[in-house]
S.K.: 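Mind having a look at this structure? Questions to follow.
To find a chain, count down the sequence lines: A is the first, B the second, and so on, and within it residues start at 1.
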Number of protein chains: 2
Amino acid sequence: MVRQPAINAQNRTPLSIERIIEAALQIVDGQGLGRLTMRRLGDALEVEAMAIYHHLPRGKEQLLDGLVTHVAAAPADAHGYAGWRDALRGWARAYRDRLLAHAGVLPLLVTRRNPAALATTTASLREILRQGGVPEAGAAVAAHSLLSYVIGHAALEVRGTGPGAAGAAAAAGEPEGPVDWEARFLAGLDLMLSGLT
Amino acid sequence: MVRQPAINAQNRTPLSIERIIEAALQIVDGQGLGRLTMRRLGDALEVEAMAIYHHLPRGKEQLLDGLVTHVAAAPADAHGYAGWRDALRGWARAYRDRLLAHAGVLPLLVTRRNPAALATTTASLREILRQGGVPEAGAAVAAHSLLSYVIGHAALEVRGTGPGAAGAAAAAGEPEGPVDWEARFLAGLDLMLSGLT
DNA sequence: ACCTGAACACCGTTCAAGT
DNA sequence: ACCTGAACACCGTTCAAGT
């Protein structure tokens, strides 16, 4: 008979960076960035908080870097699209969904941390533009512009859809009614893509 | 002879919300958001930290809201520009400068806090577009798109110009050399403005 | 190798007290 | 009205110790 894993002591699956990041993302998505605490994260992993430092020696800094990379590193892929314009549009929609699904990470994406997290994403955008015939210099500009627009729009949307945001906006003399954010995003996206010759 | 203000006891000018916000902004700009502490802010104002709560009953939350409003509420003004396109371009340049000068506040601008802080800014953009002959619905889209682009680009720029960012990007296989952020910003801006009929 | 316990230097905030 | 001092419940992190 095969040895069963011991029931006593440490039979639970050991910690790993992946499990830690996953648990942290769940806390941020569910309770907000402000409630992500090493101690709370330890609780979620059924471990003492200090055990986390064994896997992330740089501590919380490294944890937040991991969250940003996990959310932001999503390269564009032209496969299955009719043309490069469609490919960029498809990527932009998917990337926006991703950012909104993890809105709590958005402030971290804006901070100076983890400068390389967006490198693969921007490189993939430039590549699609280059293959579409956009000259090198223009492709770099367009890739950054597109990414700026998507990130910025997600930021405005998160701000504008917070609890009580509509009421506060109305109180501030904001004349607009409720905003259809997706429609507005797509309209602005086409406005931007149409600028690319 | 006129009574001199007493030298003893409390002759220092009393606290005010303006002085508090100003001191806080100076700490954030000089040392980063992470070092903005009620106790440190108290030190800068030569006051015990707890005195701040007398002027900001909602505490640090209210302080951060104040910072966001102070930095982000900068309406566009068409006066002195040849046309609405020039006015928008001029506003975008000035707004980018403002965001970069207070880069530490950028993460706060992205968070859900203070939903009304951008209302006057977007309203002024819509107004310029409306007066330029852009129809109502298109003006709302264009105003949001423009603001998204400027905020998003500033975010990418702050990320990309942090200490050691170039080295980290190169290590991640980023093929680009040093980026001329201003030139890239202006090129993308024209790309976006040209999309507005 | 992997985790725990106790400890340290900080936080934001409350509350009673001073002037 | 405006500020202080002491206290409370939290933080992130170090470090020696356990298994």
S.K.: Which whole-number value in Å describes the distance from B/R58 CZ to C/dG12 C1'?
M.R.: 15 Å

S.K.: At 4.0 Å (heavy atoms only), tell me whether B/L36 reaches a base, stays on the sugar-phosphate, or touches nothing.
M.R.: sugar-phosphate

S.K.: From C-beta outward on A/E48, which listed nucleotide comes closest to its side chain: C/dC2, C/dT4, D/dA1?
M.R.: C/dT4

S.K.: Out of C/dT4, D/dT4, C/dG12, which nucleotide sits closest to the side chain of B/T37?
M.R.: C/dG12

S.K.: Give one of base, sugar-phosphate or nothing for A/M50, where a contact means two heavy atoms less than 4.0 Å apart.
M.R.: base

S.K.: Under 4.0 Å from OP1 or OP2 of C/dC3: is there any side-chain N or O of A/H55 that close?
M.R.: yes

S.K.: With hydrophobic residues grouped by side-chain heavy-atom distances under 4.5 Å, do A/L100 and A/I151 end up in a single group?
M.R.: yes

S.K.: Any strand counts, and the cut-off is 3.5 Å on both contacts for Watson-Crick or G-U wobble. Which nucleotide pairs with D/dC15?
M.R.: C/dG5

S.K.: If the threshold is 4.0 Å, N to carboxylate O, is there a salt bridge linking A/R96 and A/E157?
M.R.: yes

S.K.: Atom CG of A/L33 to atom C1' of D/dG12: distance rounded to whole Å?
M.R.: 15 Å

S.K.: Between C1' on D/dC11 and CG on A/L41, what's the gap in Å once rounded to a whole number?
M.R.: 14 Å

S.K.: Hey, is B/R126 close enough to B/E136 for a salt bridge, meaning N to O under 4.0 Å?
M.R.: no

S.K.: Measure from NZ on B/K60 to P on C/dC10 and round the result to the nearest Å.
M.R.: 15 Å

S.K.: State which of C/dT4, D/dT14, C/dC3 makes the closest approach to the side chain of A/Y53.
M.R.: D/dT14

S.K.: Should the pair B/R130-B/E127 be classified as a salt bridge under the 4.0 Å nitrogen-to-oxygen rule?
M.R.: yes

S.K.: Without decimals, in angstroms, what is the distance between B/M38 CE and C/dC10 P?
M.R.: 18 Å

S.K.: Mind telling me whether B/H153 and B/W181 have parallel, tilted or perpendicular rings, with 30° and 60° as the class edges?
M.R.: perpendicular

S.K.: Which whole-number value in Å describes the distance from B/E46 CD to D/dT4 P?
M.R.: 11 Å

S.K.: Give the rounded distance in Å between these two atoms: CD of A/Q62 and C1' of D/dG12.
M.R.: 15 Å

S.K.: C/dG12, D/dA1, D/dT13: which one has an atom nearest the side-chain heavy atoms of B/R39?
M.R.: C/dG12

S.K.: Given D/dT14, D/dC11, C/dT14, which nucleotide is nearest the side-chain atoms of A/R40?
M.R.: D/dC11

S.K.: In whole angstrom, give the distance that lies between atom CG of B/L63 and atom P of C/dC11.
M.R.: 14 Å

